Every structure is written in C-alpha cells, then in structure tokens.
Number of protein chains: 2
Amino acid sequence: MTVRWDSPETGAAAAYREIKQRIVNLEYQPGEKLSEARLAAELPFGRSPIRSALAQLKSEGWIEVSPQSGSFVKALTDREISDMTSLRVMLEMHCARIGAARMTDADLAKLRSAFATLGPLADNGDGEAFIEVDTVLHLALYRSTDNQMIAGILLDLRDKVQWIRRACAVSSERVKEGFAELKPILQALLLRDPEAAAERMRIHIESSAAFCRMVDHTASRRARFPTGIPG
Amino acid sequence: MTVRWDSPETGAAAAYREIKQRIVNLEYQPGEKLSEARLAAELPFGRSPIRSALAQLKSEGWIEVSPQSGSFVKALTDREISDMTSLRVMLEMHCARIGAARMTDADLAKLRSAFATLGPLADNGDGEAFIEVDTVLHLALYRSTDNQMIAGILLDLRDKVQWIRRACAVSSERVKEGFAELKPILQALLLRDPEAAAERMRIHIESSAAFCRMVDHTASRRARFPTGIPG
DNA sequence: ACTATTCAACTAGCATGTCAGTTCAGCATC
DNA sequence: GATGCTGAACTGACATGCTAGTTGAATAGT
C-alpha cells in the first residue's frame, strides 16, 4: 500500500477503525448523528483525522454526509441487503469452487481441526464459536482463491454482515442451523468437489441472509428526509 | 443519498473528478508524483479539497500515498489486472445472464439501433465508436441487472479498463476484433439466451484483457501489497 | 390552537500555518 | 571513484479559525 510498510498508524486510520468498530457494535446506532466536533471531543483525535475517517466511512457506505448539516450512521435498506446478498453469493461460490480445487492439504487439515474444536460449541448454539469457525472457513477460501480484489470486497461485505447480525438478534436456533450449513461445505472441500462446495455455499449465504433485516428504518428515514418524507 | 438532492458539487468532489480524469487520460502518468501543493497550484482549489480528493483516489486504488513523502499515481501490476479480469468476467457474465432474461424489448431495440448506427464505424476500426457502443451495451446490462452494488463495482472497473486501454495503444485491428465480439452478445440477448450471452461475454472480457499490460514509467521502487488474508 | 417567521446555535467545507518525517543533492572522507 | 554524512527543501499529517449553509425551537401573527 504505502512505501513505508512499517510506518506507525496515522491518527486518521486509528479514528477510522475506532468509529467503524463502534458502528458495527451498534454503539453508534443507525440514524444517529455523528458530527465532527462531537467525535473529536469523544475520541482522542482532532477534527482533521476525524474528518478523514468520516470521508472514508462515507465512501464505504457506513455513513451519509449531509453538507452543512451533519453525518449520520447509515441504515441498510432491504434493497441494499438484497443487492449485497446477490453479490456475496456469486463471489463466495466462486471462492468455494476455486478453494475446492486449489486448497492445500495443510489448509484443509487446519479447517478440520477448527471444526473439531469449535464444532461442539457451535452445535450447542454458541454464537461466538460459530462466528469463529465461519470466519476461519471463509478466510481460508479467500486466501486459496488468491484474488486480492475479490477478497477485499468480501471482507468489506463481511463487516457489513457482522453489523447486520448485531442489529437483528440471532437466536441460538439460527446459530445451530448456520453451523449445520457449514459442515457440508467442509465435506465438499475435503472431497475436492467444486460444484458441491459452491452449491452448499449458496445455500449457506442465502439462508443466512433470509434471517437478516435491519431494524431501525425510521431513524434512517428521518435522517434522510428531516423535513418530511416526500410523496 | 444526502439530504440535499440539488446541492452544488463541493470543491473536493470537483477536484476528485478532475484529477481522476487526468489520471485516466494519462496526463498524470503512472508513477508520477502528485503533491498536494503542486495540485493546489495547478488546479483552482486549495489544499483542503485536494487533500480530500487524494484520500478518495487512494481508497479507490488510483494513487498511493507515502506519509511525509508524496502521493504517486499507481501503476497496475499484471497481477492486479489479472485479479480485475477475473472479477469482471464473473460480474459481467452475471449481468449478461440476467440481462438476457430481463431486458425489455425497448432496451433491446435501443441496443439494436446503436449497433446499426455505430457498427459500420467500429467495423472500420474507429476506436471511439467501439467504446461508445461497448459502453451502451454494458450500461444497458447493468441497468437491467438492477443491482447497484454490482453496477458500482463494474463502473469503477470500467474506468480502470479505460485507463489501461489508453496506457497500451490499441490497434484498429483490436478494435475490429473487439466489436466482432460484441455482435454475438447482442445476438444472444435478442434470442434471450442467458447462457450464450454469458459465454460470449466471458470471451469478450478475457480477450480484451489479454491485450493489456501496464507500463510503469518510473520503474523505481514500488511497494507491493504486503498485507494478505490473516489467519 | 395553529401556522409562519426569525434567529441563534450548529454543521461541514475550506484556508492557512505548524510540525515532524522523508528525501536527495552536495560535501567530506576514504 | 565509491561511500557515508549532512542539511536544506519538500512532503503529508494535523490544528485551528473562519465562512456559508442548515436547522429547529422560540417567537410573532392569525
């Protein structure tokens, strides 16, 4: 990225990480106003790095900036979630296909061990364990696909999915179900069956998306049309 | 998605457009240094909007910023071009599939007329005519696919492709060839054959990518992306 | 009670100045 | 000539103050 790959993190980058994390963790809720001044007071940064961070968050779709008015945490519309899902399905299926063909035996062994360790917890509805094993599986696929651009998009979408997951409470039932969807993916990878892996991945992504719908729509509508909803 | 739909373009946005256009047009060549001060002197903007514009260009991969040193126009590596092509193939094939199924007769009629008007020129090797009809075809497909996230990615990749096209001189032979690849795509769309449209699109994207290789004019130290997928 | 107007507080956009890190031409040394 | 050192010029990161646009509650008018 930069010439100095060991350079210390700039304030702007640190502010970006911090604010984004607070958004994902719902400490800053959808629709909430995030003014530069407020953030500069709340965080150990001046207005300049905060401003840079907000610009990046805006370009990545986490917030909306209204000139001379304020910055607001965005709420994803059903439409955006649906768009996101289509894209994820396509890219994740691609990664699953490639992964089934190219993943090394060492990677597969690591996956198997992760499933063995965390599986029993996930089977009991442990959300954190599920997220952990889900993450291990997907990152391994991104790595074996070896396409930075696709990986970058999927990592970004993953953050958004985490966000949505927190916005709609996830039942332990859904956790068990989700983990049950992961198992056949691993099986297909072990059998090096690209089409089966892709198909199981499709099922996994689509069913996880079906459960997610963002809660706070009113705040977003208020933020977007403060003087009244047109029409 | 801001509150003010009719708000005038900010200086930062105008600077972004201008600088990006100059990069795509090779007025600023790959590897060239673009300091804030220089751009502020060269363009009718102060350092602040220039700084915002550079931040956005950085996050979109057009430039690299080296702290306390300078901003440089990025040169795409063969690897990045290859990554880009894989992604484009996948997404464009998806759009072609959806387009073949969902495109309206009115849209198809417009496409046919565009081919009729510009086709003879493109057949003679007219690069501008080819780009025009190519753009019309692809944008129509993006529109019919009706997924803003995918369309956004493809539009960005399209800018990069235009950039690469200028970086490697395109022969009129290649123009004729490229246009010849578009015809079967239109045919497949008219026949509403999704698989044929997707397959022809794949051929089109891959063959156009095969001709492009970027030249870094400075060829000096160039940092690679050291960050991989963690895990 | 209800609407229209006003105005003070608040907002992001931007200019400008400062600062610390980077760079490289030119000098010193071998 | 080759190598190491120095310092001045340059760079992006950031702080700060100002401006113009936005907002919403208090106010005036009906």
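Just so it is clear, the model here is predicted, and its values are computed rather than measured. Chain letters run A, B, ... following the sequence lines, proteins first and then strands; every chain starts at 1.
Judged as a salt bridge (charged side-chain N to carboxylate O under 4.0 Å, His left out), and not counting sequence neighbours, the contacts of A/Glu42 are A/Arg22, A/Arg38. Scanning for salt bridge (charged side-chain N to carboxylate O under 4.0 Å, His left out) contacts around B/Arg102 gives an empty result, with sequence neighbours left out. The side chain to side chain donor-acceptor pair (under 3.5 Å) search around A/Asp107 returns A/Thr104, not counting sequence neighbours.
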Between side-chain atoms of residues 86-94 of chain A and protein atoms elsewhere (two or more places apart, or another chain), which donor-acceptor pairs fall under 3.5 Å?
{"residue": "A/Ser86", "atom": "OG", "partner": "A/Ser82", "partner atom": "O", "Å": "3.4"}
{"residue": "A/Glu92", "atom": "OE2", "partner": "A/Tyr142", "partner atom": "OH", "Å": "2.5"}

Got a list of side-chain donor-acceptor pairs under 3.5 Å for residues 43-52 of chain A, not counting sequence neighbours?
{"residue": "A/Arg51", "atom": "NH1", "partner": "A/Glu36", "partner atom": "OE2", "Å": "2.8"}
{"residue": "A/Ser52", "atom": "OG", "partner": "A/Ser48", "partner atom": "O", "Å": "3.3"}

### Query
Where along nucleotides 10-16 of chain D does protein come under 4.0 Å, by heavy atom, of base (B) or sugar-phosphate alone (S), with - for untouched nucleotides?
-BBBBBB

